[in-house]
Amino acid sequence: MPTPSNLDGVLVQWGERLFYPANRVVRARTPKLTGAGIQERARSIRQRIHAIVVRRAPQVMVKVTGGGRGMGAIGAHLRYISKGGRLPIEDDRGLEREGKEALRDLVDQWRLGGSRIPERSERREAFNIMLSMPAGTKVEFLRRAAREFAKVELANHRYVMVLHTHQANPHVHLSVRAEGRDGQRLNPRKDDLRRWRETFAERLRGWGIEAEASSQVTRGTRHRNERVWERKTTGLREQRPARAEPLPSGIRSQALKAWVELMRALAASPEMSDRQLAQSIHRYVGRMPAVQAVVRHESKQRELPGVVRSLPTVPAQQRRGPEIER
């Protein structure tokens, strides 16, 4: 049976691999952890595991929805997100403005501030970003989290944000000038989007909102949603089902291995709550689409090699006690 310090070290080791991308800026250059630092980090890992496998905390959405190639397209987008000036627009200085005249002034400021943006351009002069959460999220906390996200991730750029609450899922539109204050241009990549989701989720949790930003790899997901253009082109034909796109087997196996190691460590813990959490991980991994697909399609091998067979079983006498609240 591991000592508490050894257990915490294992949780930090595998939890960091599973949940946190290497390029995060939220915690820049975390110092080497010892003693109380490891204990606190392990507590955070436990909370993330519990949020994902027990409480099923909602996943945040951060999406780049497009970008303006010239001031004509940028102005059209600003008019759209502000509903023609009827919704307040907040800028990177925290100033709010609304109305058609204020919208025209904003467009002129973007056109002439820094390098002049022509009416039409061969390159993207702005990026449109949407931050979204499920229905029922407290919209004021969503606004505050989006504001903090922008100050962390877009501090070098001019941007505006508008909160939309009239649709099912409340969301914030951010329009970001591509050219930064230092002349560097924004060019979001997959790693940036991963980090942005994590930053946004952390800011939401800071306001008491349940939010997670675990990746498809962490969740063992194998499917993507159908693209908008695919839905629009189906016409009167039967809607196409989402296509299965297996994740790279190496990456998927690494994530599953991390889940298994976390489960093994928690299952051997002297604490009942840890052993119950191990059982929750066992059920969660067993229901992963990636695991289920292997079980269904490989009739000669009914378990994922090296993963499902290796899931530890907690002895019955250790499982006694109250169930974790869902």
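Throughout, numbering of the chain's residues begins at 1 and tracks the sequence.
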Distance-only criterion, 3.5 Å: show the donor-acceptor pairs between side-chain atoms of residues 133-143 and protein atoms not counting sequence neighbours.
from   : atom 1 : to     : atom 2 : distance (Å)
Thr137 : OG1    : Pro134 : O      : 2.8
Glu140 : OE1    : Arg143 : NE     : 3.2
Glu140 : OE2    : Arg144 : NE     : 3.3

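- Looking at Arg181, its side chain does come within 3.5 Å of a backbone N or O of His157 through a donor-acceptor pair.
- Side-chain atoms of Ser214 and Gln59 include a donor-acceptor pair closer than 3.5 Å.
- Listed by chain and number, the residues in a side chain to side chain donor-acceptor pair (under 3.5 Å) with Gln47 amount to none (sequence neighbours excluded).
- Side chain of Arg275 to main chain of Ser269: a donor-acceptor pair is present (N/O by atom type, distance under 3.5 Å, no hydrogens or angles).
- Between His164 and His166, the ring planes lie tilted relative to each other; the angle falls in the 30° to 60° range.
- In this structure, Asp105 contributes its side chain and Ala102 its backbone to no donor-acceptor pair below 3.5 Å.
- Side-chain N or O atoms of Arg205 include one that pairs as donor or acceptor with a backbone N or O of Ala211 at under 3.5 Å.
- No side-chain heavy atom of Val10 sits under 4.5 Å from any side-chain heavy atom of Asn6.
- Counting non-hydrogen atoms of neighbouring residues, nucleotides and ligands closer than 6.0 angstrom, the CD atom of Glu101 reaches no more than 12 such neighbours.
- Val62 has its side chain within reach of Ile129: a pair of non-hydrogen atoms, C-beta onward, lies under 4.5 Å apart.
- Using a distance-only test at 3.5 Å, with no hydrogens or angles considered, a donor-acceptor pair links the side chain of Thr218 to the main chain of Leu18.
- Shown here are the side chain to side chain donor-acceptor pair (under 3.5 Å) partners of Glu179, two or more places apart in sequence or in another chain: Ser115, Arg177.
- For the pair Val53 and Leu277, the minimum side-chain heavy-atom distance is below 4.5 Å.
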